[in-house]
Amino acid sequence: MNKEDFKIIGLTGQSGAGKSTVTKVFEGYGVKAIDADTLAHLALKTEKCKENLRAAFGEGIFDENGEVVRKALAKSAFATKESTELLNRCTHPVIVELSKEAFEKARAEGYKGVVFDAPTLFESGLDSMCVEVVSVIADKELRAKRIMQRDNLTFDEAILRLNAQHPDEFYTEKSKFVIENNGTPAELSEKAHKVCKELFNE
């Protein structure tokens, strides 16, 4: 896939940082939004992924129909840094394949590029397919409040999830573009527009 005629922009950062808002701004510039979390949900339904997860986390994360119970998986997978890495090793190969298929479909549909919202962009190695990477970061307490509202979590559940994620430096050191979202939604949109104008020469 040629990086010059079809721009794949990686969008990453911690949970609750504000990537969804940034994605909406990008869509206004003629690129298609592809959400890695959606692909991850699809991946959990594939036999390859189920086999990997069964070997790693046991039968307890499956329901009576053999489908993955995401809340049970999250409880096991986010308990320690090691278990989170194990989850990634189980799911990433499948997500990578689904991502490549989604990129090709977007190009065939005539989009000039995609914005790929991927929390584990670097870990999956998909950053190598991106012409640029944009990272969105925010204070931990703010992120905890946001994901409590978004995902109906308790404060303890939110912090457990955030503790399993990387610090700001992990993203800022690897990204040309960094958007800090500790203000209002309007301020975040303004910062995202500025990045888009530079990326797409507008």
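Residues: numbered from 1 along the sequence shown. Note that the structure is predicted; figures quoted are calculated from it, not measured.
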> Would Phe6 and Leu121 show up in the same hydrophobic cluster when neighbours are defined by side-chain heavy atoms closer than 4.5 Å?
Replying inline: yes
> Are Lys105 and Glu101 close enough that some pair of their side-chain heavy atoms sits under 4.5 Å apart?
Replying inline: no
> Can Glu51 and Lys48 be counted as an ion pair, charged N to O under 4.0 angstrom?
Replying inline: no
> Any chain of hydrophobic side-chain contacts (each under 4.5 Å) joining Ile179 to Ile9?
Replying inline: yes
> Passes side-chain hydrogen bond (donor to acceptor under 3.5 Å, both in side chains), Glu187 versus Asn181? Steps please.
Replying inline: CA-CA 8 Å; Glu187 288 170 334; Asn181 177 25; over 6 Å; no
> Does any non-hydrogen side-chain atom of Lys7 lie less than 4.5 Å from one of Lys112?
Replying inline: no
> Are side-chain heavy atoms of Val136 and Leu11 found at a separation under 4.5 Å?
Replying inline: yes
> Would Phe170 and Phe122 count as a close aromatic pair, with their ring centres under 6.0 Å?
Replying inline: yes
> Between Ala36 and Pro119, what is the shortest heavy-atom contact and its length?
Replying inline: CB-CD, 4.3 Å
>> According to side-chain hydrogen bond (donor to acceptor under 3.5 Å, both in side chains), who are the partners of Thr80, at least two apart in sequence or on a separate chain?
In response: Ser83
> Rounded to the nearest 0.5 Å, how far apart are CG of Asp117 and CG of Asp35?
Replying inline: 5.0 Å
>> Any side-chain to backbone donor/acceptor pair from Gln165 onto Ser15? Under 3.5 Å, distance only.
In response: yes
> What do the steps show when you test Glu157 against Arg161 for salt bridge (charged side-chain N to carboxylate O under 4.0 Å, His left out), and what is the final call?
Replying inline: CA-CA 6 Å; Glu157 286 172 332; Arg161 186 177 295 184; over 6 Å; no
>> Among Thr91, Val94, Val69, Ile61, exactly one meets side chain to side chain contact (heavy atoms under 4.5 Å, CB included) together with Leu44. Which residue is that?
In response: Thr91
>> Keeping Ser128 on the side-chain end and Gly125 on the backbone end, is there a donor-acceptor pair under 3.5 Å?
In response: yes
> Heavy-atom distance under 4.5 Å between the side chains of Lys100 and Met129, does that happen here?
Replying inline: yes
> Is there any salt bridge (Lys or Arg N to Asp or Glu O under 4.0 Å) pair reaching into residues 13-22, and which pairs are they, with sequence neighbours excluded?
Replying inline: none
>> Does the plane of the ring in Phe26 sit parallel, tilted or perpendicular to the ring in Phe200? Use 30° and 60° as the thresholds.
In response: perpendicular
>> Restricting to non-hydrogen atoms, name the atom on Ala43 and the atom on Cys49 that form the minimum distance, rounded to 0.1 Å.
In response: O-CB, 3.0 Å
>> Between Glu27 and Lys24, does the salt bridge (charged side-chain N to carboxylate O under 4.0 Å, His left out) criterion hold? Intermediate values first, please.
In response: CA-CA 5 Å; Glu27 287 181 290; Lys24 284 174 186 165; over 6 Å; no
>> Testing the basics here: between Asp168 and Ala138, what is the closest heavy-atom pair and its distance to 0.1 Å?
In response: OD1-O, 4.2 Å
> Distance from Glu123 atom CD to Thr84 atom OG1, nearest 0.5 Å?
Replying inline: 10.5 Å
>> Within this structure, what is the CD-NZ distance for the pair Glu67 and Lys45, rounded to the nearest 0.5 Å?
In response: 5.0 Å
> Can you name the nearest heavy-atom pair linking Met148 to Ala158, along with the distance?
Replying inline: CG-CB, 3.7 Å
> Heavy atoms, side chains only, cut-off 4.5 Å: are Ile8 and Val131 in contact?
Replying inline: no
> salt bridge (Lys or Arg N to Asp or Glu O under 4.0 Å): which pairs involve residues 71-88, sequence neighbours left out?
Replying inline: none
>> Please report whether the ring centroid of Phe103 lies less than 6.0 Å from that of Phe116.
In response: yes
>> Is the shortest side-chain heavy-atom distance between Phe177 and Leu199 below 4.5 Å?
In response: yes
> Would Leu42 end up clustered with Val114 when hydrophobic side chains under 4.5 Å apart are linked, directly or stepwise?
Replying inline: yes
> How close do Val68 and Lys50 get, heavy atom to heavy atom, and via which atoms?
Replying inline: CG2-CG, 4.4 Å
> Among all residues two or more places apart in sequence or in another chain, which pass the salt bridge (Lys or Arg N to Asp or Glu O under 4.0 Å) test with Glu132?
Replying inline: Lys176
Kindly list each side-chain donor-acceptor pair under 3.5 angstrom involving residues 188-195, sequence neighbours excluded, with atom names and distances?
{"residue": "Ser189", "atom": "OG", "partner": "Pro185", "partner atom": "O", "Å": "3.3"}
{"residue": "Lys191", "atom": "NZ", "partner": "Glu180", "partner atom": "O", "Å": "2.6"}
{"residue": "His193", "atom": "ND1", "partner": "Tyr29", "partner atom": "OH", "Å": "2.9"}

>> Assigning hydrophobic clusters by single linkage (Ile, Leu, Val, Met, Phe, Trp, Tyr; side-chain heavy-atom cutoff under 4.5 Å), is Leu160 placed with Ile147?
In response: no
>> Treating Asp139 as the side-chain partner and Leu142 as the backbone partner, does any N or O pair qualify as donor plus acceptor under 3.5 Å?
In response: no
> Between Ser175 and Val134, is any pair of side-chain heavy atoms under 4.5 Å apart?
Replying inline: no
>> I'd like to know if the side chain of Ser20 pairs up with that of Arg150 as donor and acceptor (distance under 3.5 Å, no hydrogens or angles considered).
In response: no
>> If hydrophobic clusters are built from ILVMFWY residues whose side chains come within less than 4.5 Å, do Val133 and Val178 share one?
In response: yes
> How long is the span from the CG atom in Asn182 to the CZ atom in Arg143, to the nearest 0.5 Å?
Replying inline: 9.5 Å
> Taking Asp151 for the side chain and Leu153 for the main chain, is one N or O donor matched with an acceptor at less than 3.5 Å?
Replying inline: no
> Nearest 0.5 Å, what's the OG1-CD1 distance between Thr12 and Ile137?
Replying inline: 12.0 Å
> If every non-hydrogen atom of Cys90 is compared with every non-hydrogen atom of Asn52, which pair is closest and at what distance?
Replying inline: O-ND2, 3.0 Å
>> Taking side chain to side chain contact (heavy atoms under 4.5 Å, CB included) as the definition, give me every residue that meets it alongside Ala74, ordered by chain and number, with sequence neighbours left out.
In response: Phe78
>> Once rounded to the nearest 0.5 Å, what's the spacing between atom CG of Leu39 and atom CD1 of Ile95?
In response: 7.5 Å
> Got more than 12 heavy atoms from elsewhere within 6.0 Å of CG, Asp63?
Replying inline: yes
